[in-house]
Amino acid sequence: MTGSLVPATRDSLALLLLAMADDEFVIGWSDSEWTGIAPLLEEDVAMSSLAQDELGHAKALYELLAELEAEAGSADAGSADADAIAYDRPPEGHYHARLLDHAPTDWAATMARRFLYETADAVRLEALADSAWRPLAELVAKLRREERYHLLHVSTWLERLAFRDGEPRRRLLAALDDLGPDASTVLAPLPNELALEMAGIVARPSRDLEARWRAAIGPTFERLRLPMPPPLADATGARSDHSDAFRRLWADATSVRASDPAATW
Amino acid sequence: MTDPRALEPVLPESERAALRFNDPRLGEDARYDAFVEHVRAGGKVEATDWMPDEYRQSVLRFVEMHANSELMGVLPERDWILRAPTLRRKLALTAKIQDEVGHAELLYRVAEDLGKSRQAMIEDLLAGKTKFHNVFHYPTRTWADVGVIAWLVDAAAIVAQQALRDSSYAPYARTMRKICWEESVHIMHGRDVMVTLATGTRAQREMLQEALNRWWPPLMQMHGPRSPREKDRDLFWRIKAKTSEELRQEFLSIYVPRIWELGLTLPDPQLGLDPATGDWRYTEPDWDELRTVVTGHGPASQERLGFRRLNWSEQAWVRGSLVAMPATAA
Amino acid sequence: MTALEPYEVFRQEKEGDAMRHGGNVMAPDPALALDYARELFGRRQESVRLWVVRRADIAVLEDPDLLQPPLDRSFKKPGGYVMRDKLAAARERAATERPNE
């Protein structure tokens with residue numbers, strides 16, 4: 001299985017898993033902040049489920065990454081469990097897309113960001129559905145089934161916010177204006193991704209995924225008269241140029257765990 | 001199409017059967033007496049039944065306070081979602097708080113069917129006109145607080161809630177059965193957090209003991225002062241079934257031994273089981289503190305209400321967008 | 001406030017079980033009502049099927065004349081057929097007529 005992967009391919013795969021896991025972790029953790037204070041009680045419960053799903057997906061992806069690193073006999077194999085990978089890196093070591101660094105300012109921004117992310121993630125997962133690396137293909141099959149509910153729910157909200165003039169639409173447009181330039185960071189090319197394509201781990205390169213994503217959301221954006229996100233101006237730093245807001249939150253988020261790294265919680 | 005009712009044999013209203021207290025032919029007093037007899041004998045009441053005003057208002061007030069408590073109860077804990085030290089704890093805590101919001105949703109629904117809109121209830125809560133339980137007026141300071149709240153505060157609540165599963169007001173009783181089932185998971189999560197800390201490093205054990213010392217007084221006040229059974233109208237109407245003292249005794253008898261077996265102490269030198277009576281003795285809780293706190297003067301009361309007010313008004317536009325959507329092709 | 005309406009939710013816990021009423025949710029339309037019902041009764045995998053019905057669309061029958069009509073109807077229920085004494089008599093009689101069986 002992973003023993004048959006050459007080191008370069010394995011490293012690229014590790015980077016892909018990290019990117020996906022960090023994306024799910026940050027959006028899950030960010031949206032879980034709505035728990036208890038969402039605009040409507042029913043929606044509070046729904047958004048919390050979406051956030052928990054993402055955290056669960058992140059956990060599964062971190063576990064897969066830990067498995068990959070353990071089999072490779074990497075230096076950190078002994079401590080490489082999902083929690084360690086999730087928590088014990090400095091902010092600069094986090095590999096999530098810059099789109100997810102934007103802390104949502106309101107409900108419209110949360111829904112806009114989620115729509116942009118979920119639709120891009122769906123395209124990414126589709127390209128992994130027949131992955132030559134079986135553990136990933138199996139996990140992706142489960143993730144895609146769970147993500148169906150996410151896509152249904154955020155699509156409902158995008159329609160609801162956009163469909164007529166007024167404050168909801170105005171806020172949605174403002175959010176898309178703010179988030180748009182970073183929307184394509186989710187599917188920005190990963191270093192050495194050609195190795196993954198050649199090994200059959202991913203079905204197509206990132207620039208193809210980007211085109212598919214735009215084709216998927218285009219008709220909806222056109223029908224709702226929403227501006228398409230602009231192309232990514234600069235792909236460097238798409239996953240590493242994190243905001244100060246993220247750094248501050250990160251310090252708070254790891255404070256309990258960091259108080260005693262040897263402890264069991 | 002012919003209205004089927006037009007074919008009904010012409011039986012005058014006065015000769016049709018009606019559930020006793022629902023019978024509009026009886027006078028108010030007769031209906032009231034029939035209702036009291038029904039409820040005192042263990043009978044159930046549905047949302048569409050006739051009820052005396054006192055009963056309707058009593059149930060509404062009771063359920064409203066319960067709903068308010070669930071809604072305010074999320075605030076002490078939600079800060080810790082961000083800081084949860086493992087992925088599993090983060091998931092468990094998020095799920096727990098989600099459940100509390102779900103409980104608020106269920107309980108406001110029950111109260112709403114009695115005639116007060118959810119909007120009015122939330123506005124009254126935010127204006128300080130209605131109350132929520134004392135424990136949610138206190139700040140949380142450490143991760144250990146999360147364990148203490150999830151285990152012991154929820155345990156004290158569940159002792160009360162189990163007794164409500166047989167409430168005379170059936171929609172509330174049914175809701176309580178669902179809520180109790182969900183709360184039992186929270187208690188297990190909370191106990192797991194506490195046991196993990198109790199068997200952890202010295203710093204963790206100290207953090208836990210400190211949190212427990214801080215939370216014990218509000219916990220002891222939670223079920224309220226002793227009041228005579230005969231004077232309790234909520235007991236009369238069988239909205240609830242047990243007195244404050246019965247609930248407190250039940251809580252102590254189950255949970256004090258479980259706390260002590262972890263090697264933890266409780267900050268009450270008088271606390272102990274009296275072998276002669278079978279009751280738990282304890283230092284009389286500070287009922288002045290309880291009164292002060294539930295009227296909005298607790299250490300975190302105004303901060304939390306202020307936070308909710310701000311949040312409520314900032315999100316009002318979203319509620320305004322909740323109009324029926326035409327069914328789309330998508 | 002807005003056009004929120006109650007939707008009643010019926011759930012089936014496992015294949016073959018009866019649909020049972022679980023509670024209700026407020027929603028502006030059937031699409032969100034389904035999502036909210038899922039949250040209330042399906043977020044922890046506790047149901048295999050949900051029926052979500054707008055409360056206003058439910059026809060209610062509570063009339064005692066129709067549901068609890070006054071005359072005896074025991075012939076329509078198992079409890080209306082008490083045979084204990086008759087069976088005892090029949091067995092006793094059969095035993096005396098054929099003592100060696």
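In this text, all values refer to a predicted model and were calculated from it rather than measured experimentally. Order of the sequence lines sets the chain letters (A, B, ...), proteins ahead of strands, with each chain counted from 1.
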Dump the intermediate steps for salt bridge (charged side-chain N to carboxylate O under 4.0 Å, His left out) on C:Asp29 and A:Arg160, then the final yes or no.
-> CA-CA 11 Å; C:Asp29 54 50; A:Arg160 186 173 294 281; 2.6 Å; yes

Can you tell me if CZ on C:Arg73 sees more than 12 non-hydrogen neighbours from other groups inside 6.0 Å?
-> yes

Atom pair OG (A:Ser48) and CD (C:Glu39), whose distance is rounded to the nearest 0.5 Å | 8.0 Å

Is the CZ atom of C:Arg55 crowded by more than 12 outside heavy atoms at less than 6.0 Å?
-> yes

How many angstroms lie between OH in C:Tyr36 and CG in A:Leu40, if you round to the nearest 0.5 Å?
-> 5.0 Å

Heavy-atom pair of closest approach, residues A:Trp157 and C:Leu32 | NE1-CD2, 4.2 Å

Has C:Arg20 got more than 12 heavy atoms of other residues, nucleotides or ligands less than 6.0 Å from its CZ?
-> no

Side chain from CB out, backbone as N, CA, C, O: work out which of these in A:Gln52 comes under 4.5 Å of a heavy atom of chain C, or both, or neither.
-> neither

Straight-line distance of A:Glu42 CD to C:Tyr7 OH, nearest 0.5 Å = 12.0 Å

Is it the case that more than 12 heavy atoms not belonging to A:Asp130 sit under 6.0 Å from its CG atom?
-> no

